[in-house]
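Sequence lines set the chain letters: A, B, ... in the order given, protein chains first and strands last, and positions in each chain run from 1.
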Amino acid sequence: MSTKRWAVTRYLFMEQLQLLWRTYAFILVAFVILPLLFAILTGNLSHYSFGSTLTDLGIGAVFGFFILVTMSLTYDNFKLFIQNGISRKTYCQAKVINLIGLSFGMEIISALYNFLVTAPARGHSGQAFLDTTVYSLYDHFLGTNLFVNILGYMAFNWIFFIGLGLTGMAIGSIFALLTKFARNIAIIAIPVLGFFLLVFLSNTSTSPSDYNLDGLVNFLKFLMGYHANAQPGYFNPTMPMLTMMVGCVIMGAIAYYFNQKLKLKK
Amino acid sequence: MSIQLQAITQQFHGQTVLDNLNLTIEPKKIYGLLGRNGAGKSTLLNIISNRLFPTSGTATLDGETLHDNDQTLGQLYLMSEVNMYNDHSRLKKLIDSTALFYGDFDRAYATQLAAKFGLNLTQRFGKLSTGYRTIFKLIIALCVPADYIFLDEPVLGLDANHRELFYQELIDSYTNRPRTFVISTHLIEEIANLIEHVFILDQHQIIVNGSVSDILDRAYMITGPDADVTAYTSGLNIIGQDHLGGITANYVYGALEDNRPIPDTVTVERLDLQKLFVNLTNAKEAAAHVN
C-alpha cells in the first residue's frame, strides 16, 4: 500500500473509531444508564433488569446504522484531503479499505457479544440464537456444525455491512455534488416518490392487473437462496451473499464515479 | 522541472472565466499573481491544485498530470480564502493531519510561528477570527514540505503588524529553503519588492507575464504640459492618463523611442507596479495596450 493511501486509511480509521466509541457511549447512556436512573427515581427498580437491557442492545444493528451514516459523510473529508494533496482516488480507496476492515472487526466483536453474552443471558444455545436472526433462513444449510454456521452467519453480516457502507458512500458522493438547495429538495422528494412507488407496487400486487409479477417473485426467491421445496433454514446462503456482492460492486462503482467528480463548491 | 498550464479554459454557466491560458511556473521563484476582483485568480489556483476541473486544457508538474495524482499534488500546497478545515477540529490536530499526509512537516517552526503570531494551537479552527484563520493557514503553508506554495489572499484580515511579520517570515523561510511561492493579492505595494516575476490576469487572459524588473523597465510616467506630453508620447503605447490643471501625465508601457528628444518641460519617471497594474487593468480595452 502506498504511503499516502496508508496515511489516509489510518486517519479515516482513527476518525471512525472515535465516532464509533461515541455512538456506543451514547447508546449505553440512552438505553441503559438513563432507564436505570429513571427506574431509581420512580421507584420501579424491581422492573429494571440491567442484564437484559445490556444484552438487548443490538450492537450489530447499531453498527449497520453507524456505517451507513458515517460512510455517507463525504464533502468535509474531501476538502481536508484535497487541501493536503490527496487525490480523490486515494480518498475513495482508503474509505473502502477502512469500511472492509472496520466491518470485519465489528462483525467479530458483534458475534462474540451475541454468542458469549446475549445468547447465554437469554438461555439460548448458539444454534437457537441463530434461529432468531435473519440468518435463520440459512442456518441449517451448511450442516449441523455450529462453528461453520456461525462463520456463515458472520460472513453474511460482514458482506451486508460492506454493502450498507458502500450504499452510504454512493449516496454521500452524489449529495456532495449537489448544492444545499438541491440536496434539501432531494431529501424531501426521494421519500415522497418512494412512498408513491410503494403505493403503486402494492396496488398492482393486490388488484387484478395486466402485470404478471410471477417472474419477478421467482427471481427474488432465487436471489434469496430459495430452491425447490426448501424449508426456511435450508435456503442456500451463497445466493444472497453473491447478490449482496453484486450490489456491493454496483454501489462501489457508483460511489467511485461520483467521488471522481468531487470539486470545491465555492 | 516546472508547473505547466496548457490551453486552460474555464467556464461557469456559459460564462468564460479563463480563456485558453498558458503559463509556466518555475521552481524556486517568488511570483505575484495580480488581477482585479473576479479576474479568475482563485479559479486558476483551484485548477492548479485540482480542486476544480478546467473546462478544457491540462495542468502538469514535470510532465505528470496534476489531476487526481498523489505524487504531483503532494508537491504543492494552496492556502486559500476558502476554509478547507473542519470548524470543530483543533489546530494541533490539523497540524498532525497535515504532517501525516505531507510528511516532513516542520513542527518546530510551526510552534515557533504560532508563538510569534500569538496563536494558541489548542483552539478549535471555527473559534478563530478571520485574521487568525489566515495566520493558521499561513503557518501551515510555511511549514509544509511542498515545492510549490500558492497563497491566495495571504493577508486577508491581518493587521499591519501581522502583515509585516508574515512578509519577514516569508523571506526568511524562502532564504532557508528556496521554493516557489505564488502570491495572489490586491495589496500590490506590499509585495512589489518581494516578487521576482509577475502574472497579470485580465479579461480572462494573462496580459503580463515577465520578471518584475523587466516589466518596470518598460513602464513610464511622462508628465508635463498637455501639448508637450501629447507630442512626445505620440505613437507610444499609452495605457492611461491623468490631468491636473494644465499638467498631463501619460502612462506608457513599452519602449520609448531613443531618437526622440525629451522636451525640457517633460519629465520621464518609472512607474511602480501598482500604478502599472491599475492602468493596465482599468480600461476594458486594456489588453490592446499590452505588447
Checklist line | Residue part contacting chain B, namely of A:Lys89, when any heavy atom lies under 4.5 Å | finding: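 For A:Lys89, the contact with chain B is made by backbone and side chain together.
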Next item on the list: Measure A:Tyr91 against the heavy atoms of chain B and call it side chain, backbone, both or neither at under 4.5 Å.
Entry: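 Neither part; nothing is under 4.5 Å.
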Check for a donor-acceptor pair, side chain of [X] on one end and backbone N or O of [Y] on the other, with a separation under 3.5 Å.
X       : Y        : answer
A:Asn84 : B:Phe101 : no
A:Gln83 : B:Leu78  : yes
B:Asp68 : A:Ser87  : no

Decide if atom [atom1] of [X] counts as having more than 12 heavy atoms of other residues, nucleotides or ligands within a radius under 6.0 Å.
X        : atom1 : value
B:Glu190 : CD    : yes
B:Lys29  : NZ    : yes
A:Arg10  : CZ    : no
B:Lys127 : NZ    : no
A:Tyr48  : OH    : yes
B:Asp159 : CG    : yes
B:Phe12  : CZ    : yes

From [atom1] ([X]) to [atom2] ([Y]), nearest 0.5 Å:
X       : Y       : atom1 : atom2 : result
B:Ser97 : A:Met14 : OG    : CE    : 13.0 Å
A:Leu80 : B:Met84 : CG    : CE    : 8.5 Å
B:Asp70 : A:Thr90 : CG    : OG1   : 3.0 Å

Note to self: side chain to side chain contact (heavy atoms under 4.5 Å, CB included) for A:Asn77 and B:Asn86? Distances and angles first, verdict last.
What the structure shows: CA-CA 9 Å; A:Asn77 274 334; B:Asn86 190 318; over 6 Å; no
Next item on the list: With chain A as the partner chain, list the residues of residues 138-156 of chain B whose heavy atoms fall under 4.5 Å from it, by residue number, and write 'none' if nothing qualifies.
Entry: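 Expected list: none.
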Check: Applying a criterion of heavy atom separation less than 4.5 Å, what residues of residues 40-64 of chain B form contacts with chain A?
Finding: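 Within residues 40-64 of chain B, the residues that come under 4.5 Å of chain A (heavy atoms only) are B:Asn46, B:Ser49, B:Asn50, B:Arg51, B:Leu52, B:Phe53.
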Note to self: List the residues meeting salt bridge (charged side-chain N to carboxylate O under 4.0 Å, His left out) with B:Glu196, not counting sequence neighbours, and say none if there are none.
What the structure shows: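 Not a single residue meets the salt bridge (charged side-chain N to carboxylate O under 4.0 Å, His left out) criterion with B:Glu196.
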Margin query: So for B:Asp96, is it side chain, backbone, both, or neither that comes closer than 4.5 Å to the heavy atoms of chain A?
Written below: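 Contact with chain A involves no heavy atom of B:Asp96 at all.
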Note to self: Quick check on B:Lys137 against chain A: is it the side chain, the backbone, both or neither that has a heavy atom closer than 4.5 Å?
What the structure shows: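 Neither part.
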Item checked: A:Phe160: side-chain contact (heavy atoms from CB on, under 4.5 Å) partners, not counting sequence neighbours ->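 Only A:Leu164, A:Met244 meet the side-chain contact (heavy atoms from CB on, under 4.5 Å) criterion with A:Phe160.
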Note to self: Out of A:Lys263, A:Arg88, A:Gln260, A:Lys4, return the one with the most heavy atom pairs under 4.5 angstrom to chain B.
What the structure shows: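 Of the candidates given, the most pairs with chain B belong to A:Arg88.
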